[in-house]
Peer 1: 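Have a look at this one.
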Protein chains: 2
Amino acid sequence: MATIKDIAKAAGVSVTTVSRALNGYGDVNEKTRKHIEETAKKLNYSPNAVARSLVMNKSRTIGLLVSELNRSGAKDMFTYEVMCGINDAASDVGYDLILFSTNTVKQKQKSYTQLCRERQVEGVIMQGIKKDDPYIKEVIDSNIPCVFVDVELEGDNVGFVTTDNVFGAQMAVKHLINLGHRHIAMVNGHDKAEVSQKRLKGYMKELQEAELPVKEDYVLNGGFLESKAESAAYNFLKTNRQVTAVFCASDLMALGVMRAARRLELNIPEDLSIVGFDDIVLSQYTSPPLTTIGQDKYQMGYEAAKLLTSMLTGKKSPHKKAVLDNQLLLRETTAPPK
Amino acid sequence: MATIKDIAKAAGVSVTTVSRALNGYGDVNEKTRKHIEETAKKLNYSPNAVARSLVMNKSRTIGLLVSELNRSGAKDMFTYEVMCGINDAASDVGYDLILFSTNTVKQKQKSYTQLCRERQVEGVIMQGIKKDDPYIKEVIDSNIPCVFVDVELEGDNVGFVTTDNVFGAQMAVKHLINLGHRHIAMVNGHDKAEVSQKRLKGYMKELQEAELPVKEDYVLNGGFLESKAESAAYNFLKTNRQVTAVFCASDLMALGVMRAARRLELNIPEDLSIVGFDDIVLSQYTSPPLTTIGQDKYQMGYEAAKLLTSMLTGKKSPHKKAVLDNQLLLRETTAPPK
DNA sequence: TTGTACGCGTTATCAT
DNA sequence: ATGATAACGCGTACAA
């Protein structure tokens with residue numbers, strides 16, 4: 001509970017000198033500095049970040065805005081791994097993280113700017129928000145630096161981190177085509193997610209390059225939900241036996257498709273090949289293990305935080321975005337068609 | 001950026017009146033209050049929580065101290081689910097969460113008390129720390145309210161949340177005994193974790209109640225690591241073919257044991273029954289799906305936050321602890337011995 | 001019912 | 001090299 005005032009009194013100097021001594025200013029006698037540092041230690045002093053924030057108008061804090069942080073996300077762990085990366089990169093440069101979990105109800109009560117200003121966060125990392133989220137407009141208008149995860153938005157103080165979703169999808173589809181598949185369906189997430197749009201684009205692009213027809217009804221909506229993907233795939237596959245392969249925009253949905261296949265007594269990969277996206281931990285443990293496009297989620301978080309802190313420290317870095325590479329992970333859910 | 005000063009000027013009143021009006025004090029004319037509220041809205045005012053914290057010496061913030069928040073935890077998701085519960089309960093009552101991830105290096109640089117005081121957190125929830133963690137002593141000594149997850153410590157302003165680990169272990173072992181197993185080994189985590197001690201206790205207790213011998217060399221150290229559990233189990237099972245069942249102190253380690261069994265060409269559950277602990281998401285997807293003791297991780301977090309906030313709001317609640325029940329989840333890794 | 005004045009712990013400005 | 005003093009935005013005795 002000791003303050004610089006206490007130290008000043010104990011050391012017989014003014015608060016100004018204490019402040020300067022403790023903050024490593026040059027214009028303070030080495031002897032007095034030593035003395036001050038010692039009394040500070042003796043009094044078990046630690047600076048009050050709140051008071052400092054108030055006067056400096058900086059908080060050394062970045063807000064982590066996660067939409068719908070809840071149990072449903074527990075399965076794919078995406079959020080968590082990204083968060084670990086953010087945390088590591090942020091604490092490397094002395095920033096703390098404050099967690100803002102939001103949802104539609106809360107958004108009505110408090111605007112984005114309010115949220116940030118209340119806590120005086122210096123910057124924000126946004127994760128898991130949809131493209132039509134009302135906060136997005138506010139972010140652009142506000143002058144608070146922000147980095148999006150998986151939403152490709154750029155601006156004066158807005159950047160983003162994502163992976164090459166188009167190319168990732170292309171890799172997946174190309175792999176299937178190379179195996180000999182000609183009727184390849186896709187289970188996509190909801191179209192409010194940028195990644196859905198990208199992955200769909202990659203899917204179509206690769207089909208076109210292989211001069212395969214792009215059929216609109218081959219694209220199913222799985223809403224990023226295992227259950228929804230399952231039922232969509234079930235209904236589709238029941239009446240489309242010509243389809244021998246499915247590309248899924250997420251591993252979670254791929255799990256749903258695997259379930260559907262099982263119900264239809266389709267063997268994987270003999271009767272149906274499946275490729276997922278994300279490389280969630282689960283995908284190594286399914287039977288058979290899921291072939292998928294791997295994203296480095298930790299790295300995404302790490303890059304996001306690095307990007308943001310470099311924006312904060314005023315480095316006029318020209319790069320306001322980072323696009324990470326993905327990787328085709330061959331496991332056991334793909335094979336040539338019979 | 002509007003402050004109460006701006007509002008005062010615009011509304012033609014003093015800052016005091018603004019402060020009182022906005023904070024719902026009774027001693028302010030209804031008309032002036034309305035007026036003030038309107039100008040506040042017009043100026044897009046939002047209170048500065050930092051300034052408020054400074055003067056009130058309260059931050060409406062609770063610190064979430066997670067030891068070794070990193071990728072290795074990604075697999076079992078325990079941390080994340082608990083966090084979701086904490087987050088929900090905290091935001092219900094208007095508290096924000098600040099993330100302190102710590103490790104042994106950082107602990108040397110900054111004491112627990114320093115950490116808390118710097119950020120003026122009102123209380124702390126501690127997760128994932130070992131019993132010999134140096135911070136624990138500080139927590140007890142300090143007067144900052146703290147709730148531990150899975151460390152059974154009580155004090156004036158210290159409480160904890162856990163599940164009934166002893167009974168959970170008993171359920172697991174009893175289940176195996178009821179199936180007819182007589183040689184039941186255990187793979188335990190490291191003994192710096194309270195849960196390890198409890199689960200071991202339950203294991204031994206249940207054996208004793210069934211009048212089965214407790215053999216010391218039947219208890220393996222898996223260190224809560226899949227790989228370590230695998231090698232320990234491999235070496236053990238290779239030379240102890242009489243053992244027909246293994247109880248593991250975590251699902252993660254159970255996965256390791258399953259791997260070991262596979263390498264030894266032991267069929268699960270025919271040749272070897274396995275019971276885990278935790279009910280991580282993965283355990284439903286292994287083949288065969290893992291029989292385990294399920295803990296409600298989200299609820300643990302929720303209760304922890306509720307406990308803490310009730311301590312903070314001064315409710316002299318007599319209950320400084322919460323012990324949740326566990327549940328035996330019968331899946332497919334257990335069967336009678338051949 | 002309203003306003004004045006002070007303090008929270010810190011940094012920054014300007015003298016000395 | 002050091003110190004007095006004013007700010008930062010807010011809450012709250014105390015006075016009016």
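In the text below, chain A, chain B and the rest are named by the order of the sequence lines, each starting its count at 1.
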Peer 1: When rounded to the nearest 0.5 angstrom, what distance separates CG in B:D150 from OG1 in B:T162?
Peer 2: 4.0 Å

Peer 1: Closer to the 5' end of DNA chain C via nearest nucleotide, is it B:V28 or B:M56?
Peer 2: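 Upstream on the strand: B:V28.
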
Peer 1: Using a 4.0 Å heavy-atom cut-off across all strands, classify A:N23 as base, sugar-phosphate, or nothing.
Peer 2: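 Sugar-phosphate contact only - A:N23 comes under 4.0 Å of backbone atoms but never of a base.
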
Peer 1: Once rounded to the nearest 0.5 Å, what's the spacing between atom CD1 of A:I62 and atom OG1 of A:T309?
Peer 2: 7.0 Å

Peer 1: Classify B:N29 by what it touches in the nucleic acid, base, sugar-phosphate, or nothing, heavy-atom distance under 4.0 Å.
Peer 2: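 Answer is sugar-phosphate: B:N29 comes under 4.0 Å of backbone atoms only.
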
Peer 1: Students should find this one: the first and last nucleotides of DNA chain C, 5' to 3', lying under 4.0 Å from a heavy atom of chain A. What are they?
Peer 2: C:dC8 to C:dT13

Peer 1: Contact class for A:D27 vs. all strands (heavy atom < 4.0 Å): base, sugar-phosphate, or nothing?
Peer 2: base

Peer 1: Go through it in stages, so that I can follow the logic: the residues are A:V121 and A:I98, the test is side chain to side chain contact (heavy atoms under 4.5 Å, CB included), and I'd like the CA-CA distance, side-chain angles, deciding distance and then a yes or no.
Peer 2: CA-CA 8 Å; A:V121 299; A:I98 180 159; 3.7 Å; yes

Peer 1: Got a second to check how far B:E81's CD is from A:Y80's OH, nearest 0.5 Å?
Peer 2: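 Going from CD on B:E81 over to OH on A:Y80, the span is 11.5 Å.
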
Peer 1: Is A:V50 touching bases, backbone alone, or none of the nucleic acid, heavy atoms closer than 4.0 Å?
Peer 2: nothing

Peer 1: Would you check if A:L22 and A:I7 make a side-chain contact, meaning some heavy-atom pair closer than 4.5 Å?
Peer 2: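 In contact.
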
Peer 1: Using a 4.0 Å heavy-atom cut-off across all strands, classify B:S53 as base, sugar-phosphate, or nothing.
Peer 2: nothing

Peer 1: Using the closest heavy atom to pick a nucleotide of DNA chain C for each, name whichever of A:I4 or B:G26 lands nearer the 5' end.
Peer 2: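 Closest to the 5' end, via its nearest nucleotide, is B:G26.
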
Peer 1: What is the 5' to 3' range of DNA chain D, first to last nucleotide, that sits under 4.0 Å from any heavy atom of chain A?
Peer 2: D:dA1 to D:dG9

Peer 1: Between B:E30 and B:R33, does any NZ, NE, NH1 or NH2 come within less than 4.0 Å of an OD or OE carboxylate oxygen?
Peer 2: yes

Peer 1: Is there a side-chain contact between B:F160 and B:V151 (heavy atoms, below 4.5 Å)?
Peer 2: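 Sidechains of B:V151 and B:F160: no contact.
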
Peer 1: Just by modelled atom types, is the B:K58 backbone N or O under 3.5 Å from a matching donor or acceptor in the B:S53 side chain?
Peer 2: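 Yes; at least one donor-acceptor contact below 3.5 Å.
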
Peer 1: What's the shortest heavy-atom distance between A:M311 and A:V158, and which atoms?
Peer 2: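 In this case the closest contact between A:M311 and A:V158 is CE-N, 3.7 Å.
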
Peer 1: Once you apply a heavy-atom cut-off of 4.0 Å, does A:T3 come out as touching a base, just sugar-phosphate, or nothing?
Peer 2: sugar-phosphate

